[in-house]
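My structure is below; once you've seen it, I'll send some questions.
In the text below, chain A, chain B and the rest are named by the order of the sequence lines, each starting its count at 1. Computed from heavy atoms alone, side chains included, the values below leave out hydrogens, waters and symmetry copies.
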Amino acid sequence: MIDLKTLRDNPEAVRASQLARGEDPALVDALLAADERRRSTVAKADNLRAEQKIFSKSIGRATPEERPALLTRGKEMSAEVKAAEVEQNEAEVAFAAAHRRVPNIVQDGVPAGGEDDYEVLREVGQIREFDFEVRDHVELGEGLGAFDTERGAKVSGSRFYFLTGIGAQLQLGLLNMAAAQAMEHGFQLMITPSLVRPEIMDGTGFLGAHASEVYKLADDDLYLVGTSEVPLAGYHSNEILDLSSGPKRYAGWSSCYRREAGSYGKDVRGIIRVHQFDKLEMFVYTTPDQAAEEHQRLLGWEEDMLAKVELPYRIIDTAAGDLGSSAARKFDCEAWLPSQSRYLELTSTSNCTTFQARRLNTRYRDADGKPQTAATLNGTLATTRWIVAILENHQQPDGSVRVPEALRPYLGGKDLLEPVK
RNA sequence: GGAGGUGUGGCAGAGCGGCCGAAUGCACCUGUCUUGAAAACAGGAGUCCUGAAAGGGACCGGGGGUUCAAAUCCCUCCACCUCCGCCA
């Protein structure tokens with residue numbers, strides 16, 4: 001939810017943000033009107049309640065003779081209060097709905113427009129020239145005995161897979177390396193629940209435009225998380241944090257579940273786009289004034305990981321229309337995919353400013369000891385998908401794959417993955 | 001799955017349907033005293049909404065109900081604890 005102070009003081013900025021996202025600026029005015037109405041109904045109900053309260057107390061002190069008359073008037077007042085409260089309630093529900101309809105205010109500098117209007121910030125690393133026919137990750141992975149998509153489909157359906165042997169090791173190694181790096185920088189490692197309550201899923205903003213992406217367990221009223229961002233954002237909900245000694249940084253390890261509704265025919269081959277994968281995710285709680293700086297740090301840590309696995313990549317500043325509802329800015333790191341001669345998203349880091357924390361009621365105490373809404377950020381350190389880029393970029397003419405040096409200690413020292421057939 | 005119990009402010013722990021936003025203790029902050037501290041004494045101290053402010057309203061696990069009036073009565077959900085059963 002956006003900050004109401006900003007909305008009241010500078011509605012023009014919020015309208016501009018809506019336009020940049022390609023969304024309706026009229027929602028801003030609807031929200032302002034709903035806010036106005038809510039405040040007036042609150043005032044009315046408060047006043048009636050105050051009157052009733054005083055009157056009610058006088059009944060307690062009244063003599064038995066005066067009571068019946070007082071009770072009659074008391075009943076009337078009670079009815080008046082109830083009516084005002086109904087009005088107040090309606091106004092508050094309408095206001096909350098209008099509030100939720102407005103996504104986070106886009107940060108200055110974010111390119112306007114949709115999916116294709118991103119800005120490339122920089123390209124890092126050298127794209128490799130191959131003097132042989134490149135294999136795609138599926139061919140490579142099957143040759144190495146790293147995964148089995150056919151049996152994945154047999155057992156669970158399309159977009160499911162088994163990581164087998166070296167593939168499983170590769171994923172564990174990768175995530176372990178990510179976990180080690182995170183811990184080095186002071187992150188607390190967390191293994192998080194994969195199922196969360198509705199209010200947590202809702203609070204993180206995933207039940208808005210992307211609700212169809214989320215698996216729901218209707219019988220149990222729980223949701224399967226699409227990233228550990230969800231449980232980590234819920235971790236401190238309804239709490240007042242002590243951020244006086246710096247940000248709270250968590251690194252969540254979890255399986256992630258996505259329905260991939262509407263992506264039929266997209267990345268159907270292999271393990272690029274799947275219903276279930278594993279991820280190591282950074283999640284940070286900090287103060288709003290430090291959020292932008294922290295965002296750059298998260299990006300830096302993502303780049304460190306990409307350097308460790310020796311992948312060429314570019315960084316894009318995602319366009320406003322392609323941001324999630326909670327994000328004010330998002331940077332993606334996309335690795336080069338030789339088999340398709342295109343870039344493939346490997347990491348994504350979002351600055352949610354106070355938007356997400358406001359919904360989840362996560363605050364901190366400022367220098368004056370007053371509670372203020374915290375800022376939250378998240379960013380990817382490694383996922384199953386990284387295996388795709390690693391296999392393709394480090395493949396050899398014979399179908400073997402060179403293991404990047406930094407990853408070797410996590411694979412028992414192995415420097416080459418060799419075909420099993 | 002069955003039976004029972006508990007849920008009050010940072011912690012501990014009172015609380016008769018009206019005088020309870022809530023006793024008391026500890027912890028905390030500020031003064032006095034002291035060279036400084038401790039002790040003692042005095043005072044302060046929750047969160048949210050609303051309001052320019054003064055003030056007003058709400059909050060005793062969450063939600064709903066009864067009542068002129070609910071921390072206190074009723075319903076429901078959630079969490080925790082104990083016992084029995086079952087499964088790992």
Side-chain angles (χ1 to χ4, degrees), chain A residues 1-10 31-100 191-203 216-223 230-231 234-245 248 285 287-288 354-374:
Chain A
M1 297 187 287
I2 64 165
D3 179 25
L4 290 178
K5 197 167 260 168
T6 307
L7 173 79
R8 291 172 192 153
D9 296 350
N10 194 0
L31 178 54
L32 279 167
D35 181 39
E36 201 67 35
R37 176 162 145 69
R38 167 183 142 267
R39 289 198 276 172
S40 70
T41 57
V42 163
K44 186 176 165 196
D46 275 5
N47 289 335
L48 286 172
R49 220 179 282 117
E51 265 181 62
Q52 192 216 16
K53 220 170 141 177
I54 293 167
F55 188 79
S56 229
K57 280 184 184 167
S58 75
I59 297 179
R61 292 189 302 267
T63 62
E65 296 78 53
E66 2 183 75
R67 258 181 210 229
L70 292 177
L71 284 180
T72 308
R73 177 65 190 132
K75 270 194 230 283
E76 284 169 21
M77 293 183 92
S78 176
E80 284 166 27
V81 167
K82 234 159 229 168
E85 281 177 342
V86 167
E87 238 184 288
Q88 178 188 342
N89 247 313
E90 284 168 1
E92 277 175 343
V93 167
F95 166 76
H99 201 177
R100 306 168 44 110
I191 293 176
T192 59
S194 297
L195 293 167
V196 298
R197 296 171 183 283
E199 62 266 30
I200 299 296
M201 189 54 89
D202 188 44
K216 179 177 184 179
L217 281 78
D219 286 348
D220 299 281
D221 206 18
L222 290 168
Y223 291 92
V230 176
Y235 191 65
H236 286 303
S237 58
N238 294 314
E239 292 183 25
I240 299 179
L241 304 175
D242 181 5
L243 296 178
S244 60
S245 52
K248 280 192 176 298
Y285 293 88
T287 56
T354 57
F355 187 90
Q356 195 175 54
R358 187 166 292 106
R359 263 197 196 182
L360 289 164
N361 191 29
T362 304
R363 294 170 295 167
Y364 70 98
R365 286 194 193 279
D366 65 17
D368 299 326
K370 289 276 153 251
Q372 303 287 355
T373 302

(message) Can you build the contact string for nucleotides 45-64 of chain B? Use B for base contact, S for sugar-phosphate-only contact, and - for no protein heavy atom under 4.0 Å.
(response) --SSSSS----BSS------

(request) Apply side chain to side chain donor-acceptor pair (under 3.5 Å) to A:Thr354 and list each qualifying residue two or more places apart in sequence or on a separate chain. (result)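 Partners of A:Thr354 under the side chain to side chain donor-acceptor pair (under 3.5 Å) test: A:Arg358.
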
(message) Going by purine N1 to pyrimidine N3 plus the second Watson-Crick contact, or the G-U wobble pair, all under 3.5 Å, which nucleotide sits opposite B:rC19?
(response)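 Result: none.
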
Sort me out a list of protein N/O and nucleotides 71-76 of chain B N/O pairs below 3.5 Å, or just none if empty.
none

(request) Scan every strand shown for a Watson-Crick or G-U wobble partner of B:rA3, both distances under 3.5 Å, and answer none if you come up empty. (result)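 B:rA3 is paired, partner B:rU82.
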
(request) Using the C1' atom as the reference point in each nucleotide, state the distance between B:rU82 and B:rG17 in Å, no decimals. (result)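 Those two atoms are separated by 32 Å.
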
(message) Taking B:rA42 as the reference, what is the distance to B:rG21 when you measure between their P atoms (whole Å, please)?
(response)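 After rounding to an integer number of Å, I get 26 Å for this pair.
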
(message) Give me the distance, rounded to whole Å, that separates B:rC81 from B:rA71 when you measure between the C1' atoms they each carry.
(response)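 About 22 Å, rounded to a whole number of Å.
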
Distance-only donor-acceptor pairs under 3.5 Å for side chains of residues 84-99 of chain A, two or more places apart:
from, atom 1, to, atom 2, distance (Å)
A:Glu85, OE2, A:Arg49, NE, 2.9
A:Glu85, OE2, A:Arg49, NH2, 3.3
A:Glu87, OE1, A:Lys44, NZ, 3.2
A:Gln88, OE1, A:Arg49, NH2, 3.2
A:Gln88, NE2, A:Glu92, OE2, 3.3
A:His99, NE2, A:Ile2, O, 2.8

(request) Sticking with atom C1', work out how far B:rG56 lies from B:rG44, rounded to a whole angstrom. (result)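 To the nearest whole Å, 23 Å.
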
(message) Tell me which nucleotide, if any, is Watson-Crick or G-U wobble paired with B:rA71 when both distances must be under 3.5 Å.
(response)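 Because no pair has both required distances under 3.5 Å, B:rA71 counts as unpaired.
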
(request) Scan every strand shown for a Watson-Crick or G-U wobble partner of B:rC87, both distances under 3.5 Å, and answer none if you come up empty. (result)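 Across any shown strand, B:rC87 pairs with none.
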
(message) If you compare every side-chain N and O of A:Arg197 against the phosphate oxygens of B:rA79 (OP1, OP2), does one of them come in below 4.0 Å?
(response)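 The answer is yes; a side-chain N or O of A:Arg197 sits under 4.0 Å from OP1 or OP2.
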
(message) Please give the distance between the P atoms of B:rU30 and B:rG46 as a whole number of Å.
(response)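 Pairwise P distance, B:rU30 against B:rG46, rounds to 16 Å.
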
(message) Under the rule for salt bridge (charged side-chain N to carboxylate O under 4.0 Å, His left out), what residues qualify as partners of A:Arg73, not counting sequence neighbours?
(response)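 Salt bridge (charged side-chain N to carboxylate O under 4.0 Å, His left out) check on A:Arg73 returns A:Glu76, A:Glu80.
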
(request) Sticking with atom C1', work out how far B:rU24 lies from B:rU8, rounded to a whole angstrom. (result)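 Here B:rU24 and B:rU8 have their C1' atoms 14 Å from each other.
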
(message) Work out how far the C1' atom of B:rC33 is from that of B:rG15, and round it to whole angstrom.
(response)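 After rounding to an integer number of Å, I get 37 Å for this pair.
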
Dump the pairs, protein N or O against N or O of nucleotides 16-18 of chain B, anything under 3.5 Å, distances to one decimal.
from, atom 1, to, atom 2, distance (Å)
B:rG18, O6, A:Arg67, NH1, 3.1
B:rG18, N2, A:Ser56, O, 2.7

(message) Say we look at B:rG18 and B:rA69: how far apart would their P atoms be, to the nearest angstrom?
(response)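 B:rG18 and B:rA69 have their P atoms separated by 14 Å.
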
(message) By the 4.0 Å heavy-atom rule, please label A:Gln52 as base, sugar-phosphate, or nothing.
(response)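 Here A:Gln52 touches the backbone only, sparing every base.
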
